[in-house]
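Structure first, commentary second.
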Amino acid sequence: MPTFQTSPGMRDILPPEAGRFEQLVAVFAEIVESAGYGRLNTPLIEDYGVFVRIGDATDVVSKEMYDFTDHGDRHVALRPEVTASACRAFAQHRPTPPWKVFYSGPNFRHEKAQRGRYRQFEQVGVEVLGVDDPLLDVEVIALAWEFYAALGLRQVDLIVNSLGEPADRARYVAALKEYFTAAGDALSAASRATLVTNPLRVLDSKRPEDQSLIAAAPSIADFYDEGASAHFAAVCAGLDAIGVPYRVEPKLVRGLDYYRRTIFEFQGGTFDSAQNALGGGGRYDGLVEDLGGPATPGVGFALGVDRTVLACDDEGVFAATPRQLDAFVVDVVDGTHALALTTELRRAGLAVDRAFDGRSMKAQMKLANRSNARHAVIVGPDEVATDTVQLKPLFGGDQRTVPRGEIAAQLRKSTSS
RNA sequence: GUGGUCAUAGCUCAAUAGGUAGAGCACCAGGUUGUGAUCCUGGCGGUUGGGGGUUCAAGUCCCCUUGGCCACCCCA
């Protein structure tokens with residue numbers, strides 16, 4: 001048993017899996033950069049207060065924050081998400097809107113881990129600040145949609161809803177409170193507690209005894225004012241126009257307090273568990289202001305990379321693909337010829353590996369095979385004497401003798417063909 | 001944080017009612033001295049997650065502990 005192992009909920013991601021994560025982020029970056037989004041890097045550690053705006057009543061803040069007091073006696077926290085940081089950055093630097101940014105990186109939540117749910121988890125996401133247009137909501141949703149499609153995922157469901165304007169939401173919350181309170185003991189004890197702290201979240205209860213009550217609960221759709229109603233209608237019409245399939249779910253609420261109007265969530269169809277959300281987002285028009293900036297509309301999403309990768313596994317898409325090597329140098333003389341050859345070939349722009357420790361030819365050939373290189377470049381006493389190398393294709397084809405000076409050119413030729 | 005469940009070689013798993021731990025894969029080395037992916041042979045490899053207890057004897061029973069998984073809480 002090793003003396004040390006990863007902390008609970010933390011994990012190592014080994015090659016080639018870590019490379020796969022990297023590639024996934026690259027796919028995401030390509031899509032959003034092509035749409036005019038620029039990368040934003042914010043600190044992993046922020047003032048605790050930045051994240052409190054996510055919602056005092058949410059567990060994310062009340063009990064799952066990785067917070068501590070630093071040596072300067074500042075109350076800080078590891079970020080549980082990036083949206084609040086992005087808004088803080090906007091308020092601090094005041095870039096000219098519209099400000100379209102994307103990010104990727106780790107976030108932290110101190111909660112009990114499960115598969116696809118770690119204390120340190122990766123997210124990719126976008127945020128746009130300074131635009132009220134519902135067509136932007138559509139663009140943002142479409143980017144996430146295209147991302148899943150680019151990975152090859154097919155079983156992803158898009159759920160959308162609107163929480164209305166703050167006043168609508170307040171009236172709805174009041175109505176919900178009244179409705180569930182009237183239900184009395186018919187509502188589970190746990191949900192009755194939730195009703196006090198965060199009434200909207202009662203709709204998210206998965207307790208069987210609550211389901212019929214939830215189904216008959218008032219619908220947010222009946223509380224929109226004209227503006228919110230028009231905004232949401234425009235979002236739906238936009239999605240229709242570009243052929244992004246979605247389902248309107250009036251009972252969809254999201255956990256964070258800052259959401260206003262449009263909210264959406266992507267669910268993985270292959271997950272046979274409650275942990276089926278791949279990502280989600282929405283509008284958070286008041287957040288920048290809450291963080292001390294000017295009143296600024298905002299919309300964005302965050303997608304969980306860990307679960308997305310699991311979804312890819314389930315659907316058998318986006319497999320890890322290690323770098324294809326051009327050649328593997330086998331030196332059965334003393335290893336120094338491999339040193340010279342790998343250096344020369346790498347300088348020539350080729351991807352090349354070799355063996356060490358003076359292993360037998362058979363062992364080196366096994367390594368060459370395992371490396372998945374296209375060719376083995378073999379150097380033995382005979383080759384040294386004649387200033388040549390053996391070039392052996394590892395995926396079929398005849399081995400041939402190549403003058404030492406031509407190996408780079410030969411390799412490049414067979415690589416490009 | 002609560003509950004359930006599991007934990008044996010690097011990996012996937014075996015081991016009758018408690019009786020001194022096995023296989024496959026992987027890895028390494030050979031198969032008449034320069035060539036891999038197949039095949040054959042051999043080898044390395046575990047104080048059965050850790051600690052304590054019951055017993056003549058524990059991988060197998062009990063307690064504690066650590067971690068995974070599942071559900072809940074909550075959330076991406």
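The basis for the numbers below is simple: all heavy atoms, side chains too, and nothing from hydrogens, waters or symmetry mates. By convention in this document, chain letters (A, B, ...) are assigned in the order of the sequence lines, proteins followed by strands, and residues within each chain are numbered from 1. Small disclaimer: the values here were computed from a predicted structure and weren't measured.
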For [N], give its Watson-Crick or G-U wobble partner with both distances under 3.5 Å, or none.
N      : answer
B:rG22 : B:rC13
B:rA7  : B:rU66
B:rA71 : B:rU2
B:rA37 : none

For [X] and [N], what is the distance between atoms [atom1] and [atom2] respectively, to the nearest whole Å?
X        : N      : atom1 : atom2 : answer
A:Asp12  : B:rG68 : CG    : C1'   : 14 Å
A:Asp204 : B:rC74 : CG    : C1'   : 9 Å
A:Leu203 : B:rC73 : CG    : P     : 14 Å
A:Phe108 : B:rA76 : CZ    : P     : 17 Å
A:Met365 : B:rU33 : CE    : P     : 17 Å
A:Arg354 : B:rG36 : CZ    : C1'   : 18 Å
A:Gln114 : B:rU5  : CD    : P     : 16 Å
A:Gln390 : B:rG36 : CD    : P     : 14 Å

Looking across every strand, which nucleic acid part, if any, lies under 4.0 Å from [X] by heavy atom: base, sugar-phosphate, or nothing?
X        : answer
A:Gly396 : nothing
A:Lys366 : sugar-phosphate
A:Ser360 : nothing
A:Gly380 : base
A:Gly116 : base
A:Arg11  : nothing
A:Gln399 : base
A:Leu303 : nothing

### Task
Indicate whether OP1 or OP2 belonging to B:rG68 is found under 4.0 Å from a side-chain N or O atom of A:Thr6.
no
Exercise. Just to confirm, is there a sub-4.0 Å distance from OP1 or OP2 of B:rA71 to any side-chain nitrogen or oxygen of A:Arg115?
Worked result: no
Look at the side chain of [X] and decide which nucleotide, out of [options], has an atom nearest to it.
X        : options                : result
A:Ile378 : B:rA76, B:rG34, B:rC27 : B:rG34
A:Arg254 : B:rA76, B:rG67, B:rU35 : B:rA76
A:Glu265 : B:rA76, B:rC28, B:rG30 : B:rA76
A:Pro8   : B:rG34, B:rG68, B:rA37 : B:rG68
A:Phe121 : B:rG34, B:rA37, B:rA76 : B:rA76

The residue, A:Lys392 or A:Lys112, whose nearest nucleotide of RNA chain B is more 5′ is A:Lys112
By nearest-nucleotide position on RNA chain B, the 5'-leaning member of A:Phe395 and A:Ala302 is A:Phe395
Exercise. Is a donor-acceptor pair below 3.5 Å formed from side chain A:Arg117 to base B:rC74, judging by atom type as modelled?
Worked result: yes
- Can a donor-acceptor pair under 3.5 Å be found between the side-chain atoms of A:Glu383 and the base atoms of B:rG34? yes
Span that lies between the [atom1] atom of [M] and that of [N], in whole angstrom:
N      : M      : atom1 : value
B:rG49 : B:rG36 : P     : 40 Å
B:rC28 : B:rC69 : C1'   : 34 Å
B:rG46 : B:rU8  : C1'   : 8 Å
B:rA14 : B:rG52 : P     : 28 Å
B:rA9  : B:rU65 : P     : 24 Å
B:rG42 : B:rG53 : C1'   : 43 Å
B:rG4  : B:rA76 : P     : 29 Å
B:rA21 : B:rG45 : P     : 15 Å

Heavy atoms, side chains only, cut-off 4.5 Å: are A:Val384 and A:Asp382 in contact?
no
Could you check whether any side-chain heavy atom of A:Leu391 comes within less than 4.5 Å of a side-chain heavy atom of A:Ile407, counting everything from C-beta outward? yes
Return yes if a side-chain donor-acceptor contact under 3.5 Å exists between [X] and [Y], otherwise no.
X        : Y        : value
A:Asp132 : A:His231 : no
A:Thr388 : A:Glu383 : no
A:Tyr246 : A:Asp240 : yes
A:Ser371 : A:Asp353 : no

Please confirm whether the ring centroid of A:Tyr37 lies under 6.0 Å from the ring centroid of A:Phe102.
no
Output for pair (A:Phe180 CZ, A:Leu213 CG), nearest 0.5 Å, gives 5.5 Å
